Structure formats: structure tokens, C-alpha cells
Number of protein chains: 2
Amino acid sequence: MTTPSRWQDLDRLIHEPARLMIVTLLYAVEEADFLYLLHETGLTKGNLSTHLSKLEEAGYVRITKTFRGKIPRTLVALTPEGRQAFETYRQRLSRLIHPPAEGET
Amino acid sequence: MTTPSRWQDLDRLIHEPARLMIVTLLYAVEEADFLYLLHETGLTKGNLSTHLSKLEEAGYVRITKTFRGKIPRTLVALTPEGRQAFETYRQRLSRLIHPPAEGET
DNA sequence: ACATACTAGTTTGTATTACAGACTTGTTTG
DNA sequence: CAAACAAGTCTGTAATACAAACTAGTATGT
């Protein structure tokens, strides 16, 4: 096998540490607003915004823009797909870094 | 805390999937030659060589050039540091993707 | 009324870097 | 002498993370 099937590609979108933080946070809290993510991750606004856009394009998060009075409020939540993708990512990674046994085929 | 301590930076050197493959392999087998890694990872020679050099610069692997007859043979092994770094990486990642509980400190 | 600050972004520029492919050197084999 | 293999180095490209600047609308302070 020139392309060993056991190295299924990790989802690069989630693998990136900044987005891994975001997804992990969202997985835990289910819903978060922009400022919460901003403070929790320590990213800059622009950077956070870009990462959220990428996650949204991939269908991993849904971004809902609401208003608190007239002040914009951006809510972010994992979609079922995003949730699934994270779980898959987590499984593969676990299998990768916790090898089941040695000397397999 | 503007920079939450729980997001200790993952070791980018190990985090990169290609190198994660390499390090994982080395962690399992303890010693491997260039061709073995080449076939197992499916990387190109140049790419594998570059990644190995980076791991060597970081002190994570030791590269020993031997000869089988007159044919060069390159052996690669994790150093204790590399072993340690991988374990640390693994721990942090585990803690990241398997959150212990909610309602943290 | 005007300046400042905040929310939530978009755009721009830079610097890194992974990756493939070409090229190199030395050796063995036909 | 040609071809193929081992183990690289070098080069060029394309992607991309990141910070900082800028935008736009609202609220507040004086």
C-alpha cells in the first residue's frame, strides 16, 4: 500500500489549533457569542472572524446575528455536521496517538 | 486572564500531520529506516527528508547514517526529548479534546 | 454637538511553510 | 556504458495564519 489507509487525513479545518479551540469551546457550551469566543481564545477580532467564516463555509457552525437593543450580537453554534466532524476528528486522533497495538497489518 | 492558560500551545512541530505520522511511527517502533518511513507515510522523499531535518533540529529525533555494504542506510530514532515532547503533546491534546468537565476553575 | 469607545466585522499585507518535483552523488547491476 | 536505486538538497509555488488597519453603526460622556 503506497497510501496507507490508516493515515486517514485529519480534518485540517479542525486540526488548526485556533479553530480547534473554537470548536472545542462550542462543543462544550453549545452556543457562544462573538465576545465570549474572543476572550476565551485570545485571538484578535479579525482572526476570529476569519476562522468563524471558514467554519461556517464548511457548514460546521451556524452564525446568527441578533441585536441586543440596537447593538449587534453574533451568536455561534456548532451544527450537527460540525459536531459530527469534531467527533470524527477526535476519534481519528485518538486512534493515531493511542496506537491499539504494534505489529498489525 | 486575557490569555487563558488552558490553551497551552500545542507543539506545532508535532502537530503537523505529516510529522505526527512520523513521530507516532517512531514512538511505536523505536527505530526505522528512511525507506520504511517513506513507504509507511506515503510522503515524497524530499518532503520526508525535510520533516526529518526539522525534527532533528528540534532534537526530537536522532538520524544515524550507516551503510549496508556500500549502500547508505539512514536510521531514525526518537530521542528521549522527542519521546517526552510527544507525550506532552498527547497529554495536552487529550485534555483539549476530552474536556474533563464543565464549570472549570 | 463632538469625541470617544464599543460591537462586529472586512480588507490588506506579511511571513511562514508544506509539498512536489527536479537535480545531485555515489553505488550496484545489466 | 546505461539504468536504477538510496538518500538526499534545492527551488518554486500555493496555501494560509495572523496582526493591524480600516469601516459602519450605536451609545456615552462632557
Side-chain angles (χ1 to χ4, degrees), chain A residues 2-4 7-26 31-58 60-77 96, chain B residues 2-4 7-26 31-58 60-77 96:
Chain A
T2 25
T3 16
W7 308 116
Q8 297 119 322
D9 262 324
L10 293 171
D11 192 333
R12 238 43 194 221
L13 217 84
I14 294 181
H15 193 61
E16 169 61 32
R19 285 189 295 262
L20 186 54
M21 280 196 278
I22 295 171
V23 171
T24 302
L25 278 170
L26 291 177
E31 182 177 58
D33 63 21
F34 192 85
L35 283 187
Y36 173 77
L37 293 175
L38 189 65
H39 295 137
E40 284 296 307
T41 61
L43 299 171
T44 59
K45 286 172 217 191
N47 206 358
L48 175 57
S49 189
T50 304
H51 284 308
L52 287 179
S53 294
K54 283 196 176 144
L55 290 171
E56 191 188 24
E57 274 168 40
Y60 287 177
V61 302
R62 182 173 352 154
I63 300 182
T64 315
K65 288 153 203 284
T66 63
F67 284 89
R68 220 181 32 228
K70 296 277 182 56
I71 294 182
R73 180 151 189 252
T74 299
L75 291 172
V76 187
L96 199 66
Chain B
T2 26
T3 16
W7 308 118
Q8 296 120 321
D9 263 325
L10 292 172
D11 192 333
R12 240 38 197 223
L13 218 86
I14 294 182
H15 193 62
E16 168 62 32
R19 284 188 297 262
L20 186 54
M21 279 196 279
I22 296 171
V23 171
T24 301
L25 278 171
L26 291 177
E31 182 177 60
D33 62 22
F34 192 86
L35 283 186
Y36 173 77
L37 292 175
L38 189 65
H39 295 139
E40 284 296 307
T41 60
L43 299 171
T44 59
K45 285 174 218 190
N47 206 359
L48 175 57
S49 189
T50 304
H51 284 309
L52 287 179
S53 293
K54 284 197 176 143
L55 290 171
E56 191 187 26
E57 273 168 40
Y60 288 177
V61 302
R62 181 175 352 155
I63 299 181
T64 315
K65 288 153 203 285
T66 62
F67 284 88
R68 222 180 33 227
K70 296 281 180 54
I71 295 182
R73 180 150 189 252
T74 298
L75 292 172
V76 187
L96 199 66

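Bear in mind the structure is a predicted one, so any value in this text is a computation, not a measurement. Below, read A as the first sequence line, B as the second, and so on, with proteins coming before strands; counting in each chain starts at 1.
Along DNA chain C, the nucleotide nearest A:Asp33 and the nucleotide nearest B:Gly69 are compared for position; the residue whose nucleotide lies closer to the 5' end is A:Asp33.
The salt bridge (charged side-chain N to carboxylate O under 4.0 Å, His left out) check on B:Arg62 picks up nothing, with sequence neighbours excluded. For A:His51, the ring-ring contact (aromatic ring centres under 6.0 Å, His included) criterion is met by no residue, not counting sequence neighbours. Under the side-chain contact (heavy atoms from CB on, under 4.5 Å) criterion, B:Ala77 pairs with no residue at all, not counting sequence neighbours.
The distance from atom CZ of A:Arg68 to atom C1' of D:dG25 is 14 Å, rounded to the nearest whole Å. Atom P of nucleotide D:dA7 and atom CZ of B:Phe67 are separated by 10 Å, given to the nearest angstrom. One interatomic measurement links the two molecules: CG of B:Leu48 to P of D:dT9, which rounds to 11 Å at whole-angstrom precision. Between the CZ atom of B:Phe34 and the P atom of D:dA7 there is a distance of 7 Å, given to the nearest Å. Atom-to-atom, NZ of A:Lys70 to P of D:dT28 comes out at 11 Å; the value is rounded to the nearest Å.
Applying side chain to side chain contact (heavy atoms under 4.5 Å, CB included) to B:Tyr60 and the options B:Val23, B:Leu52, B:Asp11 leaves one that passes, B:Asp11.
Taking a heavy-atom distance under 4.0 Å as the criterion, the stretch of DNA chain C touched by chain A extends 5' to 3' from C:dT7 to C:dC19.
B:His15 contributes a side-chain N or O that, together with a main-chain N or O of A:His15, makes up a donor-acceptor pair within less than 3.5 Å. The main-chain N or O of B:Lys45 is never found under 3.5 Å from a side-chain atom of B:Ser49 such that the two would form a donor-acceptor pair.
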Give the table of side-chain donor-acceptor pairs shorter than 3.5 Å for residues 65-73 of chain B, with sequence neighbours excluded, one pair per line with atom names and distance.
unit_1  : atom_1 : unit_2  : atom_2 : d
B:Thr66 : OG1    : B:Arg73 : O      : 3.2
B:Arg73 : NE     : B:Asp33 : OD2    : 3.3
B:Arg73 : NH2    : B:Asp33 : OD2    : 3.2

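Contacts of B:Ser49 with the nucleic acid, taken as non-hydrogen atoms under 4.0 Å apart, include base atoms. Counting any heavy atom pair closer than 4.0 Å across all strands shown, B:Arg73 reaches sugar-phosphate atoms only and no base atom.
Residue pairs meeting the salt bridge (Lys or Arg N to Asp or Glu O under 4.0 Å) criterion with at least one member in residues 12-25 of chain B, sequence neighbours excluded, are A:Arg12-B:Glu16, A:Glu16-B:Arg12. Residue pairs meeting the salt bridge (Lys or Arg N to Asp or Glu O under 4.0 Å) criterion with at least one member in residues 46-58 of chain A: none, sequence neighbours excluded.
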Check the interface with nucleotides 17-23 of chain D: list each N/O to N/O pair with the protein under 3.5 Å, or write none.
unit_1 : atom_1 : unit_2  : atom_2 : d
D:dA17 : OP1    : A:Arg19 : NH2    : 3.2
D:dA17 : OP2    : A:Arg19 : NH1    : 3.1
D:dA17 : OP2    : A:Lys54 : NZ     : 2.9
D:dC18 : OP1    : B:Arg12 : NH2    : 3.4
D:dC18 : OP2    : A:His51 : NE2    : 3.1
D:dC18 : O5'    : A:Asn47 : ND2    : 3.4
D:dA19 : OP2    : A:Thr44 : OG1    : 3.4
D:dA19 : OP2    : A:Asn47 : ND2    : 3.2

